[in-house]
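Here is the structure we will look at.
Order of the sequence lines sets the chain letters (A, B, ...), proteins ahead of strands, with each chain counted from 1. Being a predicted model, the structure only gives us computed values, none of them experimental.
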2 protein chains.
Amino acid sequence: MCADTTDFAQALRDAGLRATQQRTVLLSILMESVDHPNADELYARAKTIDDSVSLATVYRTLSALEEAGLIRRLNFENEPARFEITPVAEHDHLVDIDSGEVIELSSDEITRLRQELVEGMGYEILSQHTLIRARKKPG
Amino acid sequence: MCADTTDFAQALRDAGLRATQQRTVLLSILMESVDHPNADELYARAKTIDDSVSLATVYRTLSALEEAGLIRRLNFENEPARFEITPVAEHDHLVDIDSGEVIELSSDEITRLRQELVEGMGYEILSQHTLIRARKKPG
DNA sequence: TTGACTATTGCGAATGCGTTGCATTTACAT
DNA sequence: ATGTAAATGCAACGCATTCGCAATAGTCAA
């Protein structure tokens with residue numbers, strides 16, 4: 001009994017969502033994406049599998065998956081939102097402003113430091129995300 | 001001789017921008033704002049001083065001031081961009097998701113840690129910003 | 001000062017990302 | 001199988017922001 005079978009439909013039901021064809025397709029695409037696609041890109045990829053999906057459903061599904069905690073919405077600057085499967089370990093993002101490449105930064109120590117700071121102020125953190133814009137150093 | 005006279009027009013020229021009436025008004029409003037207004041709010045405040053300003057000019061001015069480095073654009077989640085005078089000391093923002101209040105977090109130590117991490121990867125940081133969503137702890 | 005040159009403005013229309021109303025379809029419990 | 005609520009596709013909409021264009025206003029040189 002392998003618990004990690006890629007049974008996307010079951011994953012949806014486990015999260016309390018109805019396992020529709022469209023949601024299953026979108027979840028599977030997100031699962032195998034190594035980049036951080038936006039809604040339009042997901043729409044394009046989904047249509048190659050099931051060309052009946054609509055953009056409205058892509059947006060509605062992304063909101064549903066986010067609310068269920070299955071995915072995370074990334075709000076970068078001056079561009080449409082991107083999405084990733086909810087990471088097991090917290091991480092931040094660095095955007096290479098020349099290439100547009102998005103790099104994930106693990107940041108255990110920094111996350112913990114910030115948590116202590118904010119909790120000392122009487123708050124509990126719901127989410128935290130750092131966005132770094134950077135450029136490759138010459139040499 | 002006080003170098004800090006609030007000569008907004010001169011500040012604009014020093015930054016390489018033409019000192020128009022509209023830009024001067026907007027810069028002065030931002031200078032005396034303690035909150036983090038968005039374009040609409042700035043438009044409303046500006047109209048009480050010079051009711052001829054248009055929303056388009058507010059947006060164009062904000063882009064110009066940002067590009068000149070005089071102000072910083074804050075991209076929060078699911079809301080229009082907010083703006084603040086470029087801070088002398090780096091800081092991040094905590095949004096109280098119940099009240100909507102925005103709290104500035106100074107973060108010298110964390111900023112420095114992150115800088116070391118990223119530079120070790122061969123990048124130079126152009127900007128970094130952390131957004132924390134949090135809720136006041138009971139008690 | 002005056003003029004001339006160009007950046008900036010106001011207006012309204014256009015864009016882009018995302019959401020919504022509604023009639024139809026579909027998942028899933030009975 | 002069947003009923004019912006939830007999800008879908010489509011097209012219309014909403015909001016934040018940008019753009020084209022003719023008119024205006026800074027700035028700089030004379």
Side-chain angles (χ1 to χ4, degrees), chain A residues 7-29 36-68 70-83, chain B residues 7-29 36-68 70-83:
Chain A
D7 187 344
F8 303 118
Q10 192 55 48
L12 287 165
R13 281 186 281 265
D14 290 348
L17 297 173
R18 277 162 96 133
T20 66
Q21 172 68 18
Q22 293 86 340
R23 288 178 176 173
T24 308
V25 167
L26 284 165
L27 182 57
S28 72
I29 291 172
H36 302 82
N38 62 31
D40 264 333
E41 290 159 353
L42 288 166
Y43 176 50
R45 295 179 200 180
K47 276 205 294 195
T48 67
I49 300 174
D50 171 358
D51 84 337
S52 79
V53 288
S54 71
L55 186 55
T57 292
V58 171
Y59 279 110
R60 281 188 286 230
T61 297
L62 290 171
S63 293
L65 294 179
E66 183 191 17
E67 193 161 0
L70 291 174
I71 66 173
R72 175 155 76 140
R73 179 189 304 261
L74 301 172
N75 292 290
F76 290 174
E77 293 171 8
N78 308 320
E79 62 171 308
R82 294 164 174 256
F83 298 85
Chain B
D7 188 345
F8 304 118
Q10 193 54 49
L12 286 165
R13 282 185 215 102
D14 290 348
L17 297 174
R18 277 161 93 134
T20 66
Q21 172 67 18
Q22 295 84 339
R23 287 176 177 173
T24 308
V25 167
L26 284 165
L27 182 57
S28 71
I29 291 172
H36 302 82
N38 62 33
D40 264 334
E41 289 159 353
L42 288 166
Y43 177 49
R45 294 180 201 181
K47 276 205 294 195
T48 68
I49 300 175
D50 171 357
D51 84 336
S52 78
V53 289
S54 72
L55 185 55
T57 292
V58 171
Y59 277 108
R60 281 187 288 229
T61 297
L62 289 171
S63 293
L65 295 179
E66 183 191 18
E67 194 162 358
L70 292 174
I71 66 173
R72 175 154 77 140
R73 181 189 303 261
L74 302 172
N75 292 290
F76 291 174
E77 292 171 8
N78 307 319
E79 63 171 309
R82 294 165 175 255
F83 298 85

I'd like a table of donor-acceptor pairs (distance under 3.5 Å, sequence neighbours excluded) in which one partner is a side-chain atom from residues 12-19 of chain A, with atom names and distances.
unit_1: Arg13(A); atom_1: NE; unit_2: Gln10(A); atom_2: OE1; d: 3.4
unit_1: Asp14(A); atom_1: OD1; unit_2: Gln10(A); atom_2: NE2; d: 2.9

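In this structure, CG of Leu74(A) is placed 12 Å from P of dG18(C), rounded to the nearest angstrom. Taking atom CG of Leu62(B) as the reference point, atom P of dT17(D) lies 9 Å away to the nearest angstrom. The interatomic distance linking Glu66(B) (CD) with dT17(D) (P) rounds to 11 Å, in whole Å. When the C1' atom of dC17(C) is taken as reference, atom CG of Leu42(A) falls 14 Å away, rounded to whole Å. In this structure, the CG atom of Asn38(A) is 12 Å from the C1' atom of dG16(C), given to the nearest Å. At whole-Å resolution of the value, CD in Glu77(B) and C1' in dG18(C) are 16 Å apart. Atom pair Asn75(B):CG and dT17(D):C1' shows a separation of 12 Å (rounding to whole Å applied). A straight line from CD of Glu79(A) to C1' of dT17(D) spans 16 Å, rounded to a whole angstrom.
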Starting at the 5' end of nucleotides 22-30 of chain D, put B wherever the base has a protein heavy atom under 4.0 Å, S where only the sugar-phosphate does, and a dash everywhere else. ----BS---
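Rounded to the nearest 0.5 Å, atoms NZ (Lys47(B)) and OG (Ser54(B)) are 10.0 Å apart. Atom CG of Leu62(A) and atom CZ of Phe83(A) lie 4.5 Å apart (nearest 0.5 Å).
If you check every strand for non-hydrogen atoms under 4.0 Å, Arg60(B) touches a base. Residue-level contact check: Ala64(A) touches neither bases nor backbone, having no heavy atom under 4.0 Å from any strand.
The two residues Leu55(A) and Tyr43(A) have their closest heavy-atom pair at N-CE1, 3.4 Å.
Annotation: side chain of Arg60(A) is in contact with side chain of Thr57(A) (closest heavy-atom distance under 4.5 Å). Counting heavy atoms from C-beta outward, Thr61(B) and Leu42(B) have side chains that stay 4.5 Å or more apart.
The nearest heavy atom of DNA chain D to Arg23(A) and to Ser63(B) marks one nucleotide each, and the one closer to the 5' end goes with Arg23(A). When each of Gly16(A) and Arg73(B) is assigned the nucleotide of DNA chain D with its nearest heavy atom, Gly16(A) is the one assigned upstream, toward the 5' end.
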List the steps, then state whether side chain to side chain contact (heavy atoms under 4.5 Å, CB included) holds for Thr24(B) with Gln21(B). CA-CA 5 Å; Thr24(B) 308; Gln21(B) 172 67 18; 5.5 Å; no
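For DNA chain D, the residues of residues 46-59 of chain A within the heavy-atom distance limit of 4.0 Å (strictly under) are Ser52(A), Val53(A), Ser54(A), Ala56(A), Thr57(A), sorted by number.
The closest donor-acceptor contact from the side chain of Thr48(B) to the backbone of Arg45(B) lies under 3.5 Å. Counting only distance, with no hydrogens or angles, the side chain of Glu41(B) and the backbone of Asn38(B) share a donor-acceptor pair below 3.5 Å.
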